[in-house]
Amino acid sequence: MSSIKRAIQVLDLLARKGGLGVRAVAQQLSLPVGSVHRLLIDLSDEGVVERNAEGGWQLSYRLLAITDLQLDGVAFPRLARPFCEAIAEKTRETVNVNVLSGEGCVCIDKVRGNENMQLDWRIGARGPLYCGGSAKAILAFLGETDQQRVFDQPMTTFTRYTITDPTELRAELARIRKRGYSIDNQEVVVGVFCVGVPIVDRLGRPVGAISISGPAPKAPGAAIQPQVDLLNEAASTVSKRLGYSGQWPPPQAGERALATSTT
């Protein structure tokens, strides 16, 4: 039997039975104790299994993280596409769907509007989290630890409007959380403006964003609110279908869990 098949059997057993010792796993799967022990150590090194307080082996966070990424990645384009088409038709601008990927975001879908000037990310394009409508909409609602990793990295100045000072960027993210949407005032490309709203998963973590981009200037206030309303309808509905049931706009990641634990 291959090591991959043995690993799948072990993971399946732990998923069904919970924490088990090495001998219990070996006995139930009719495998040598030594082989099971080496396999569990290898899986532990990859963060797939871990020891519990009693010393038994149980599934760890890594498997859940992999599953979440797969489910979110599959769901995003399918769930968001009808909204993107409707928004593009109403605004005549380009609608982009972006997904969080490490310390950056990736465009996974877009619908072009009817504007003569089409300025948008190509599907598969990757950008940083500190600038751009979708990117800042994601970054603003990430937890402080994840935000700090972005602040600690070098930030490229794309235009004279790009925010690269961590103090200034923190202030900008606070404004985004307060109003519930981000504004890209030519931060990536001069002449391109964008407004973005985050998409969150069932735990309230930002996993992506939907944005409207084009040559028309965009600024916080009443003039942009119709576009924000369209984005909020789309993003909140997609988030709910991903399992989110909290308030909208969502709180910063970590705040919802803290509030829940203290009530």
Side-chain angles (χ1 to χ4, degrees), residues 72 76-77 79-81 83-88 90-91 93-101 103-113 115 118-123 125-142 146-147 150 158-159 161-163 169 172-189 191-201 204-221 223-239 242 244 248-253:
D72 291 341
F76 263 129
L79 294 176
R81 183 73 184 192
F83 293 101
C84 294
E85 292 174 347
I87 294 172
K90 289 180 180 179
T91 64
E93 292 192 318
T94 297
V95 182
N96 294 292
V97 181
N98 288 266
V99 63
L100 175 65
S101 176
E103 276 90 51
C105 66
V106 176
C107 179
I108 60 171
D109 197 12
K110 67 181 177 183
V111 179
R112 291 189 173 92
E115 291 280 5
Q118 294 294 341
L119 297 169
D120 57 350
W121 289 101
R122 61 176 174 79
I123 294 177
R126 181 184 181 89
L129 286 179
Y130 59 86
C131 64
S134 286
K136 288 194 302 181
I138 295 171
L139 181 60
F141 293 91
L142 284 174
D146 292 323
Q147 288 183 350
V150 175
F158 296 100
T159 75
Y161 301 101
T162 307
I163 302 174
L169 183 57
E172 170 70 359
L173 298 180
R175 290 189 290 268
I176 292 171
R177 287 193 297 273
K178 183 176 181 180
R179 64 181 180 240
Y181 61 90
S182 67
I183 293 290
D184 170 8
N185 178 24
Q186 311 178 85
E187 296 170 8
V188 182
V189 178
V192 178
F193 303 81
C194 184
V195 54
V197 171
I199 295 172
V200 298
D201 65 9
R205 301 171 302 190
V207 292
I210 301 179
S211 62
I212 301 171
S213 62
K218 297 172 176 59
I224 199 64
Q225 195 59 46
Q227 292 193 4
V228 172
D229 291 341
L230 293 172
L231 290 171
N232 274 330
E233 180 185 5
S236 63
T237 301
V238 172
S239 297
L242 293 177
Y244 179 67
W248 196 269
Q252 184 178 8

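- Smallest separation of non-hydrogen atoms from Phe141 and Arg177: CZ-CA, 3.8 Å.
- Ser182 places no side-chain N or O within 3.5 Å of a backbone atom of Val195 that could act as its donor or acceptor partner.
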- Could you go step by step and tell me if Ile210 and Val197 meet the side-chain contact (heavy atoms from CB on, under 4.5 Å) rule? CA-CA 6 Å; Ile210 301 179; Val197 171; 5.8 Å; no
- Are Gln186 and Phe193 close enough, and set up right, to give a side-chain contact (heavy atoms from CB on, under 4.5 Å), and what steps lead you there? CA-CA 5 Å; Gln186 311 178 85; Phe193 303 81; 3.5 Å; yes
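- A search for side chain to side chain donor-acceptor pair (under 3.5 Å) contacts involving Asn185 returns nothing, not counting sequence neighbours.
- Every residue was checked against the salt bridge (charged side-chain N to carboxylate O under 4.0 Å, His left out) condition with Glu233, not counting sequence neighbours, and none meets it.
- For Arg179, the side chain to side chain contact (heavy atoms under 4.5 Å, CB included) partners are Glu172, Arg175, Ile176, Tyr181, Ile183, Pro220, not counting sequence neighbours.
- Rounded to the nearest 0.5 Å, atoms NZ (Lys110) and CG (Asn98) are 11.0 Å apart.
- Here the CG-CZ distance, from Asn96 to Arg112, works out to 9.5 Å after rounding to the nearest 0.5 Å.
- Closest of all the heavy-atom pairs between Leu139 and Leu129 is CD2-O, 3.4 Å.
- For Ser101, the side chain to side chain donor-acceptor pair (under 3.5 Å) partners two or more places apart in sequence, or in a different chain, are Arg126.
- Nearest heavy-atom pair across Val200 and Pro250 is CG1-CG, 3.9 Å.
- Nearest heavy atom pair, residue Ala209 against residue Ala137, reads CB-CB, 4.2 Å.
- Interatomic distance, CG of Leu79 versus SG of Cys84, reported as 10.5 Å (0.5 Å rounding).
- Scanning all heavy atoms of the two residues, the minimum distance from Tyr244 to Asp201 falls at CB-O, 3.3 Å.
- Contacts of Cys194 classified as side chain to side chain contact (heavy atoms under 4.5 Å, CB included), with partners at least two apart in sequence or in another chain: Asp184, Ser211, Ser213.
- With rounding to the nearest 0.5 Å, the separation of CD in Gln225 from CG in Leu231 is 10.0 Å.
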- Task: Kindly determine whether Ile163 and Cys131 satisfy side-chain contact (heavy atoms from CB on, under 4.5 Å), including the steps that lead there.
- Result: CA-CA 7 Å; Ile163 302 174; Cys131 64; over 6 Å; no
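- Once rounded to the nearest 0.5 Å, the distance linking OG1 of Thr91 with CD1 of Ile212 reads 5.0 Å.
- Atom CG of residue Leu173 and atom CD1 of residue Ile138 lie 12.0 Å apart, to the nearest 0.5 angstrom.
- Residues Val188 and Thr159 come closest through the heavy atom pair O-CG2, 3.5 Å.
- Screening residues 210-220 for salt bridge (charged side-chain N to carboxylate O under 4.0 Å, His left out), with sequence neighbours left out, gives Glu93-Lys218.
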- Query: What do the steps show when you test Val97 against Arg81 for side-chain contact (heavy atoms from CB on, under 4.5 Å), and what is the final call?
  - Reply: CA-CA 9 Å; Val97 181; Arg81 183 73 184 192; over 6 Å; no
